[in-house]
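Quantities reported herein were computed from a predicted structural model and do not represent experimental measurements. Every number for a ligand or one of its atoms is a count from 1 in the order of the listing.
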Amino acid sequence: MKILHTADWHLGKKLWKFSRLEEQVTVLDEIVSIVERENIDIVLIAGDCFDQINPSTEAIQLFYATLFRLSRNGQTCIFVVSGNHDSPERIDAPSPLGGYNQIYFTGQFNKKIDYIDNDYFTFIKSEPGFVELVKKNEKGHLRLLLTPYVNELRLNQEIKQGEGRTHFTHIMTQYWKDQIAQHVDGDGTTLIVTHLLFSETDFAGESGEEKPIIYSGGTEPLKPECIPDLVDYVATGHLHRCHSVGDKIWYSGSPLAYSFSETDQVKGVIVLETEGNRTSTRRNVPLSSGYPLKKKTFSNIKEAVQWLQNNQECYVELHLVLDSFLSYADQQLLIGAHKRCLIVPEVIGQTKEERNQGPDLTLPIDELFKSYFQSIKNSDVNDDIMDMFNEVLATKGDS
Ligand SMILES: [Mn+2]
């Protein structure tokens with residue numbers, strides 16, 4: 001069987017105020033093309049399908065439209081597990097419809113899939129958190145342990161713990177061990193599909209990229225030793241860089257660069273091939289959609305505008321090191337020069353202490369305004385703004 005592993009689509013995610021939906025449409029088109037070109041049998045989506053618990057209608061539509069296209073009328077079987085950004089219930093909601101196209105959702109922990117056999121696949125077994133299937137007229141069995149993101153609190157409600165097994169690592173180790181012991185017999189390929197944080201050392205997490213789950217859900221990273229020997233491959237999500245933890249646990253990474261820590265990463269999906277009872281090959285198929293993310297620093301407005309005009313096909317965080325506050329006119333000039341630009345003005349030579357001094361109330365009102373402006377904007381007021389302030393002050397006197 002040919003299996004495609006992807007994760008962390010984060011549909012509906014924005015960069016600053018800019019929607020990334022158009023790029024998401026394009027990159028999902030790319031994934032659909034790969035599935036068609038490679039004649040993929042199984043697609044695994046390892047969590048964080050959406051960026052938010054309550055995604056936009058556009059994001060939801062894009063998700064279902066893409067799943068439908070990926071399924072190729074039931075020729076490709078799709079398994080989705082939820083990530084920490086997803087609502088487990090929302091992920092499960094379309095389950096009554098999905099089976100007719102071989103689209104199966106595991107939003108909630110230990111969910112049992114209601115499968116529907118078709119011309120391409122025969123299901124052997126479905127148990128809570130576990131499914132086994134074969135491709136018609138082929139021998140190799142595929143077993144999937146479908147383990148969505150779960151935090152320690154939720155896990156404690158789901159599983160009755162044995163004595164002395166209170167840690168997340170211990171619970172998950174035992175859970176997977178039990179799943180294997182209960183359901184796996186005979187030959188076949190066994191995969192875990194999940195959205196959990198794995199680390200070979202005691203603490204992992206890549207700054208800026210994704211908050212480690214340890215902060216967002218109170219759950220510790222899992223060690224590769226948690227994975228039973230019988231498992232051939234772990235398809236996980238959460239970290240946005242394609243990499244492995246140990247030999248078996250793989251992050252496919254996100255299809256687009258979503259933060260500045262991802263700027264140099266090659267984005268893609270992972271394609272696995274199983275021969276009889278083993279995963280025989282694993283390769284990365286790169287994705288090329290989406291704009292790169294850039295950071296630039298200028299101290300001259302003209303040079304900044306020129307650079308922006310010549311570099312349209314990217315997102316840019318534009319740092320401006322200036323000796324006075326950025327004027328409205330210059331700001332408009334910069335905004336007009338680029339569609340995907342965030343302007344970060346910085347003013348030279350100011351210390352925090354200078355900004356934090358309280359106002360001297362004996363000063364005249366224009367001086368107080370200057371100091372107020374400085375405290376709010378972290379920058380000296382310029383003549384344009386001072387003129388405007390005086391104008392407002394004069395108008396007040398008239399009425
Ligand atoms: Mn995540």
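Among the atoms of His85, no N, O or S atom falls under 2.8 Å of the Mn ion (ligand 1). Here Asp48 reaches the Mn ion (ligand 1): one of its N/O/S atoms is less than 2.8 Å from the metal.
When the shell of 6.0 Å around OH of Tyr100 is examined, it contains 12 or fewer heavy atoms from other residues, nucleotides or ligands.
Neither side chain, Thr263 nor Lys295, offers a donor N or O lying under 3.5 Å from an acceptor on the other.
Taking the ring centre of Tyr291 as origin, the terminal cationic atom of Arg340 falls inside the region bounded by 6.0 Å and 45° from the ring axis.
Taking the Mn ion (ligand 1) as the apex, the angle formed with OD1 of Asn84 and ND1 of His238 is 90°, to the nearest 10 degrees.
Under a 4.0 Å N-O distance rule, the pair Lys267/Glu30 does not qualify as a salt bridge.
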